[in-house]
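Data first, discussion second: the structure below is written as structure tokens.
Predicted model only: the values in this text are computed from it and were never measured. Throughout, a chain's letter reflects where its sequence line sits, starting with A, and its residues are numbered from 1.
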Protein chains: 2
Amino acid sequence: MDSKKFEKFFSALSSPLRLQMVLLMARRSFCVCELEGVFDVTQPAISQNLRILKDTDLISEKREKQWVFYSTNKEMLDSALKEFLKIVEAEDTFSEIVGLKLSDLPHDPQRSCEILENRKKEVLKNN
Amino acid sequence: MDSKKFEKFFSALSSPLRLQMVLLMARRSFCVCELEGVFDVTQPAISQNLRILKDTDLISEKREKQWVFYSTNKEMLDSALKEFLKIVEAEDTFSEIVGLKLSDLPHDPQRSCEILENRKKEVLKNN
DNA sequence: AAAGATCATAAGTATATGCTAATATGCTTA
DNA sequence: TAAGCATATTAGCATATACTTATGATCTTT
């Protein structure tokens, strides 16, 4: 499971400006100067945020004459969110994070906390 | 459309630690001291991040004896993401952001940029 | 090739974020 | 009610983020 991919993905959508941009560009493609007219930030700010969105594949660009048109990758957005929901439900996500099978961790905090603390110390020792 | 709700939501999931926590607590509930044993941060950091997750309704808490057990609201997670996908597809999302109907904005950048710039100036004037 | 327009990049700065250490609160049980 | 845990809160600090201004690169058209 590539957890970093989702961190970047959610991070890209956590900004008011970028979220609005993504919603806008889901309807149709926009060039930078159009976006400049919609939002109250300078052109470099638009470009920088477009880059962040592009780095997560949330948008694509298409050069046309002197303009660069950006549009939201709706299929990607859809599949990424659905993939995330699958990971939430996946059986092995637990052990990938904890390093223990779910069944090997007792429900009693008094015991489970001790087990986890010991594991932590061992991991630290091996570094 | 409550855009701020999704900003907070995505922001909550944009941290490595919180993302892992959410995935973990989707499998079963955890008390703070267990989480402390899983992750390499101090107890206050755990508590602070739990609070952020709780503020977005991504997790719920349940007191039991001296412990507080946290677990992921999977239904909420699921419905929020699906609601977001609906907003991406919604017809009126565009005009809510731009203040213009999609059909009122020509595809030609030369004209659309001018229209948008003028709109912006008018809005600034009324403030 | 020069000028004008569109977009990208870089440097600088203010604010937000995420941690730690210290401390407070609250619950449980003797 | 006092002691002992478990958890929450606060203050402080280092880093990350998100802008602005200034500048650079690219493309079009004359």
>> From CZ of B:F30 over to C1' of D:dT7, roughly how many Å is that when rounded to an integer?
In response: 17 Å

>> Using whole Å, what does the distance between atom P of nucleotide C:dC7 and atom NZ of A:K54 come to?
In response: 14 Å

What nitrogen or oxygen pairs link the protein and nucleotides 16-20 of chain C at under 3.5 Å?
{"residue": "C:dG18", "atom": "OP1", "partner": "B:R18", "partner atom": "NH2", "Å": "3.3"}
{"residue": "C:dG18", "atom": "OP2", "partner": "B:R18", "partner atom": "NH1", "Å": "3.3"}
{"residue": "C:dC19", "atom": "OP2", "partner": "B:N49", "partner atom": "ND2", "Å": "2.7"}
{"residue": "C:dT20", "atom": "OP2", "partner": "B:T42", "partner atom": "N", "Å": "2.9"}
{"residue": "C:dT20", "atom": "OP2", "partner": "B:T42", "partner atom": "OG1", "Å": "2.6"}
{"residue": "C:dT20", "atom": "O4", "partner": "B:Q48", "partner atom": "NE2", "Å": "3.1"}

>> Measure CH2/B:W67 against C1'/D:dC5 and give the value in whole Å, please.
In response: 9 Å

> Where does the angle between the aromatic ring planes of B:F6 and B:F84 fall among parallel (under 30°), tilted (30 to 60°) and perpendicular (over 60°)?
Replying inline: tilted

> Does OP1 or OP2 of D:dA8 have a side-chain N or O of B:Y70 closer than 4.0 Å?
Replying inline: yes

> In whole angstrom, what separates A:F39's CZ from D:dT20's P?
Replying inline: 13 Å

>> I'd like to know if the side chain of B:T93 reaches the main chain of B:I87, judged simply by a donor and an acceptor atom lying under 3.5 Å from each other, with no hydrogens or angles considered.
In response: yes

> Going by atom types only, do B:E83 and B:S79 share a side-chain donor-acceptor pair under 3.5 Å?
Replying inline: no

>> Please report the distance, rounded to the nearest Å, between CD in B:E36 and C1' in D:dC5.
In response: 12 Å

> A:K62 side chain to A:S71 main-chain N or O, any donor-acceptor pair under 3.5 Å?
Replying inline: no

> Atom CD of B:Q110 and atom C1' of D:dT29: how far apart are they, to the nearest Å?
Replying inline: 12 Å

> In Å, rounded to the nearest 0.5 Å, how long is the span from CD of A:Q110 to SG of B:C31?
Replying inline: 10.0 Å

>> I'd like to know whether CD of A:E114 has more than 12 heavy-atom contacts from other residues, nucleotides or ligands below 6.0 angstrom.
In response: no

> Below 4.5 Å, heavy atoms only, C-beta onward: do B:R119 and A:V38 meet side chain to side chain?
Replying inline: no

Can you pull every protein N or O that's under 3.5 Å from an N or O on nucleotides 28-30 of chain C?
{"residue": "C:dT28", "atom": "OP1", "partner": "B:K65", "partner atom": "O", "Å": "3.1"}

> Take atom CZ in A:R28; do more than 12 heavy atoms of anything else shown fall under 6.0 Å from it?
Replying inline: yes

> Just how far, in rounded Å, is C1' of D:dA18 from CG of A:L53?
Replying inline: 13 Å

> Residues in side chain to side chain donor-acceptor pair (under 3.5 Å) with B:E89, at least two apart?
Replying inline: A:K74

>> Does C:dA8 have its OP1 or OP2 closer than 4.0 Å to a side-chain nitrogen or oxygen of A:R51?
In response: no

> Atom CD of B:E117 to atom C1' of C:dA5: distance rounded to whole Å?
Replying inline: 14 Å

